[in-house]
Undergrad: 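Mind having a look at this structure? Questions to follow.
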Amino acid sequence: MISRNINSIKEPRITLVGAGPGDAELITLKGIKALQTADVVLYDALVNEEILTFAPANATKVYVGKRSGDHSFSQENINKLMVDYALNYGHVVRLKGGDPFVFGRGHEELDFAAEYNIPTQVVPGISSSIGVPGMQGIPVTHRGLSESFWAVTGTTSDGKVSADLYQAAKTNATIVVLMGIHKLAQIAQIFKNEGKGKLPVAVIQSGTTVNEKVVIGVADNIAGLAEENGITSPALIVFGEVVSLHPKFKLVKEVYDIVTKG
């Protein structure tokens, strides 16, 4: 248990803040204001550390991991840290990549804080499922192309491909797959099995950051293209006709047609 001089303890409270998809300038003004009053910031691996400069210089900043292949802290440990810091230091900002409620387990943290009667607040963030494709000029919905979109986890907690993907592949919706890059070939095959081998696909690594890499293709060849370009996590995958709106798609489609026609 973290301890501190009782005379210096402030009223405990916790704010879940979505940091956005990567670019530090994509955090909301409300998120910045929360950070400016933080006594402690607990931040995930996918958070751009430039954002930490919005917190007071004397605020305690604690890295708690949480990304593919990096689980420095279990969710249970993070929950306990969050509450301990709040009870002993005051205002804790739990800074999470994207939006706290889009595959962010934010509500689990709210539930844990409620067990200790600690007041909480949520500051939404721009989800990578919308913001990252958008920054590439790919809308998740577009008149005549897509009337809806799905945001689906690529890999479940037991390491399997999400069953929802099999249902999603049957629709005409835009499908944004998070945490699925290491199963890209298997996921693409699900769409090919539905007769959608020519469906446009985008893979975007480290979206909105200086390390961003983008690969455009179709379901038939996207796994090979991603491997050739050294794509790795963090990355998201967009399946859907809306990807055809990307400036590179026309050339990609021409090359694909030449190759497949021999």
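Side chains are part of it too, since the values below use all heavy atoms of this structure and drop only hydrogens, waters and symmetry mates. For the single chain, residues carry numbers from 1 onward in sequence order.
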Undergrad: Is there side-chain contact between Val64 and Val62, with at least one heavy-atom pair below 4.5 Å?
TA: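 When only atoms from C-beta onward are counted, Val62 and Val64 do touch, with a gap below 4.5 Å.
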Undergrad: Quick one, Phe101 and Val122 - any side-chain contact, counting heavy atoms below 4.5 Å?
TA: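 Contact flag for Phe101/Val122 side chains = yes.
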Undergrad: Could you check if a side-chain atom of Thr141 sits within less than 4.5 angstrom of a side-chain atom of Ser148, using non-hydrogen atoms only?
TA: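 SC-SC contact between Thr141 and Ser148 ruled out.
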Undergrad: Does any part of the side chain of Leu42, heavy atoms only, come nearer than 4.5 Å to the side chain of Val92, both counted from C-beta?
TA: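 SC-SC contact between Val92 and Leu42 confirmed.
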Undergrad: Between Asp220 and Tyr256, is any side-chain donor less than 3.5 angstrom from a side-chain acceptor?
TA: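 Distance-only check passes for Asp220 and Tyr256.
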Undergrad: Among pairs that include at least one residue of residues 224-246, which meet salt bridge (charged side-chain N to carboxylate O under 4.0 Å, His left out), considering only residues two or more places apart or in two chains?
TA: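 Every candidate salt bridge (charged side-chain N to carboxylate O under 4.0 Å, His left out) pair involving residues 224-246 fails, so no pair, neighbours aside, qualifies.
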Undergrad: Does a donor on one side chain sit under 3.5 Å from an acceptor on the other, for Asn211 and Thr209?
TA: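 Short answer, no.
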Undergrad: Looking at every non-hydrogen atom in both residues, tell me the closest pair between Phe103 and Thr153 and how far apart they are.
TA: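 The pair with the smallest heavy-atom distance is CZ-N, 3.4 Å.
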Undergrad: What's the spacing between Leu81 CG and Glu76 CD if we round to 0.5 Å?
TA: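 Reported to 0.5 Å precision, the distance equals 11.0 Å.
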Undergrad: Any idea which heavy atoms bring Gly31 and Val17 closest together, and the distance?
TA: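 Nearest pair, atom of Gly31 first, then Val17: CA-CG1, 3.8 Å.
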Undergrad: Show the numbers, then the answer: is there a side chain to side chain contact (heavy atoms under 4.5 Å, CB included) between Leu16 and Val123?
TA: CA-CA 6 Å; Leu16 300 189; Val123 179; over 6 Å; no
Undergrad: Evaluate the ring planes of Tyr116 and Phe112, with Trp represented by its six-membered ring, and classify them as parallel (under 30°), tilted (30 to 60°) or perpendicular (over 60°).
TA: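 Rings of Tyr116 and Phe112: tilted, 30 to 60°.
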Undergrad: For atom NZ of Lys192, is the number of surrounding heavy atoms from other residues, nucleotides or ligands below 6.0 Å larger than 12?
TA: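 Buried by this count: over 12 neighbours within 6.0 Å.
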Undergrad: Enumerate the salt bridge (charged side-chain N to carboxylate O under 4.0 Å, His left out) contacts for residues 245-255, please, sequence neighbours excluded, ordered by first and then second residue.
TA: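 Sorted pair list: Lys253-Asp257.
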Undergrad: Can you run down the ring-ring contact (aromatic ring centres under 6.0 Å, His included) pairs that involve residues 39-58, sequence neighbours left out, and say none if there aren't any?
TA: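 Those involving residues 39-58 are Tyr43-Tyr63.
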Undergrad: Are the side chains of Val40 and Val93 in contact, using a 4.5 Å heavy-atom criterion?
TA: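 Val93 vs Val40: side chains apart.
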Undergrad: Do Lys160 and Thr155 have side chains that get closer than 4.5 Å, going by heavy atoms?
TA: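 Lys160 vs Thr155: side chains apart.
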Undergrad: How far apart are the closest heavy atoms of Val238 and Val243, and which atoms are they?
TA: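 The answer is O-CG2, 3.6 Å.
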Undergrad: Which heavy atom of Pro200 sits nearest a heavy atom of Ser244, and at what distance?
TA: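 Closest heavy-atom pair between Pro200 and Ser244: CB-N, 3.9 Å.
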Undergrad: Please name all residues satisfying ring-ring contact (aromatic ring centres under 6.0 Å, His included) with Tyr166, sequence neighbours left out, ordered by chain then number.
TA: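 Listed in chain order: nothing, the list is empty.
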Undergrad: What distance separates Ile138 CD1 from Ile130 CD1, expressed to the nearest 0.5 Å?
TA: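 One finds 13.5 Å between CD1 of Ile138 and CD1 of Ile130.
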Undergrad: Before giving the answer on side chain to side chain contact (heavy atoms under 4.5 Å, CB included), spell out for Val214 and Val203 the whole-Å C-alpha distance, their side-chain angles and the decisive distance to 0.1 Å.
TA: CA-CA 6 Å; Val214 182; Val203 178; over 6 Å; no
Undergrad: Salt bridge or not between Asp39 and Lys10? Use side-chain N to carboxylate O under 4.0 Å.
TA: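 Between Lys10 and Asp39 there is a salt bridge, with a charged N closer than 4.0 Å to a carboxylate O.
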Undergrad: If the plane angle is over 60° it's perpendicular, under 30° parallel, otherwise tilted; pick one for Phe191 and Phe239.
TA: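 Aromatic pair Phe191/Phe239 classed parallel.
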Undergrad: Are the side chain of Lys196 and the backbone N or O of Ala169 linked by a donor-acceptor pair below 3.5 Å?
TA: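 Yes; judged by distance alone, with no hydrogens or angles, the pair exists.
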Undergrad: Taking Asn77 for the side chain and Phe73 for the main chain, is one N or O donor matched with an acceptor at less than 3.5 Å?
TA: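 Absent.
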Undergrad: Do Val161 and Thr156 pass the side chain to side chain contact (heavy atoms under 4.5 Å, CB included) test, and can you show the C-alpha distance, the side-chain angles, and the key distance before you say yes or no?
TA: CA-CA 6 Å; Val161 168; Thr156 60; over 6 Å; no
Undergrad: What distance separates Ile118 CD1 from Leu110 CG, expressed to the nearest 0.5 Å?
TA: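 Output value for this atom pair is 11.5 Å.
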Undergrad: Going through the checks in order, is the side chain to side chain contact (heavy atoms under 4.5 Å, CB included) test met by Thr37 and Lys33?
TA: CA-CA 7 Å; Thr37 63; Lys33 288 181 177 180; over 6 Å; no
Undergrad: Would you say Leu199 ends up clustered with Val140 if hydrophobic residues are merged whenever their side chains have heavy atoms under 4.5 Å apart, either directly or through other cluster members?
TA: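 No: no chain of side-chain contacts under 4.5 Å links Val140 to Leu199.
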Undergrad: Which atoms form the tightest heavy-atom contact between Val218 and Lys198, and what is the distance?
TA: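 Heavy atoms of Val218 and Lys198 come nearest at CG1-O, 3.5 Å.
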Undergrad: Does a salt bridge link Glu109 with Arg105, judged by any charged N lying under 4.0 Å from a carboxylate O?
TA: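 So Glu109 does not pair with Arg105 through a salt bridge.
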Undergrad: When hydrophobic residues are tied together by side-chain contacts of less than 4.5 Å, even through go-betweens, does Val152 share a cluster with Ile181?
TA: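 They do share one cluster, since a chain of ILVMFWY contacts under 4.5 Å joins Val152 to Ile181.
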Undergrad: Just verifying a value: how many Å separate Met135 CE and Thr208 OG1, rounded to the nearest 0.5 Å?
TA: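 So the CE of Met135 and the OG1 of Thr208 are separated by 6.0 Å.
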Undergrad: Looking only at atom types and distance, does a side-chain atom of Asp99 sit under 3.5 Å from a main-chain N or O of Ser127, one as donor and one as acceptor?
TA: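 Not confirmed, Asp99 side chain does not pair with Ser127 backbone.
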Undergrad: So, applying side chain to side chain contact (heavy atoms under 4.5 Å, CB included) with Ile27, which one of Leu35, Asn48, Ile126 is it?
TA: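 Answer after filtering Leu35, Asn48, Ile126: Leu35.
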Undergrad: Around atom CD of Glu115, are there more than 12 heavy atoms from other residues, nucleotides or ligands closer than 6.0 Å?
TA: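 Counting neighbours around CD of Glu115, more than 12 heavy atoms of other residues, nucleotides or ligands fall under 6.0 Å, so yes.
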Undergrad: At what distance, to the nearest 0.5 angstrom, does OG1 of Thr232 lie from CD of Gln205?
TA: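 Result: 6.0 Å between the selected atoms.
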Undergrad: Between Val176 and Leu145, is there shared hydrophobic-cluster membership here, with clusters defined by ILVMFWY side-chain heavy atoms closer than 4.5 Å?
TA: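 They do share one cluster, since a chain of ILVMFWY contacts under 4.5 Å joins Val176 to Leu145.
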Undergrad: Mind checking whether His91 and Ile14 have side chains closer than 4.5 Å, heavy atoms only?
TA: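 No, too far: nothing below the 4.5 Å cut-off.
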Undergrad: Got a salt bridge between Lys61 and Glu49, using NZ or NE/NH1/NH2 to carboxylate O under 4.0 Å?
TA: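 Salt bridge between Lys61 and Glu49, a charged N being under 4.0 Å from a carboxylate O: no.
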Undergrad: Within the side chain of Asn221, is there an N or O that forms a donor-acceptor pair under 3.5 Å with the backbone of Gly217?
TA: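 No; zero donor-acceptor contacts below 3.5 Å.
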Undergrad: Out of curiosity, Ser128 OG to Leu178 CG, how far, rounded to the nearest 0.5 Å?
TA: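 One gets 5.0 Å once the value is rounded to the nearest 0.5 Å.
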Undergrad: Count I, L, V, M, F, W, Y as connected when their side-chain heavy atoms are under 4.5 Å apart, and connections chain through other members. Are Val242 and Ile237 then in the same cluster?
TA: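 Result: no, two separate clusters.
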Undergrad: Looking at Asn172, I want to see if its CG is surrounded by more than 12 non-hydrogen atoms of other residues, nucleotides or ligands under 6.0 Å.
TA: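 Not more than 12 within 6.0 Å, no.
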Undergrad: The criterion is salt bridge (charged side-chain N to carboxylate O under 4.0 Å, His left out); which residues satisfy it with Glu50, sequence neighbours excluded?
TA: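 If we apply the salt bridge (charged side-chain N to carboxylate O under 4.0 Å, His left out) test to Glu50, skipping adjacent residues, there are no hits.
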Undergrad: Do Val215 and Val132 belong together in a cluster built from hydrophobic side chains that touch within less than 4.5 Å?
TA: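 No; tracing contacts between hydrophobic side chains, which count when under 4.5 Å, never links both residues.
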Undergrad: How about CD on Glu147, more than 12 heavy atoms from neighbouring residues, nucleotides or ligands closer than 6.0 Å, or not?
TA: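 No, because the 6.0 Å sphere around CD of Glu147 holds 12 heavy atoms or fewer from other groups.
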Undergrad: Above 12 or not: heavy atoms from other molecules or residues under 6.0 Å from NZ of Lys213?
TA: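 More than 12 heavy atoms, drawn from other residues, nucleotides or ligands, come within 6.0 Å of this atom.
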Undergrad: According to salt bridge (charged side-chain N to carboxylate O under 4.0 Å, His left out), does anything in residues 167-183 pair up with another residue at least two apart or in another chain? List the pairs.
TA: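 Qualifying pairs: Lys170-Glu194.
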Undergrad: Hey, are the side chains of Arg94 and Asp44 touching, using non-hydrogen atoms and a 4.5 Å cut-off?
TA: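 Sidechains of Asp44 and Arg94: in contact.
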Undergrad: Without hydrogens or angle criteria, can the side chains of Ser146 and Thr174 be said to hold a donor-acceptor pair below 3.5 Å?
TA: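 On atom types as modelled, these side chains qualify, holding a pair under 3.5 Å.
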Undergrad: Can you give me the closest heavy-atom contact between Ala202 and Ile216, atom names plus distance?
TA: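 Reported closest heavy-atom pair: CB-CD1, 3.6 Å.
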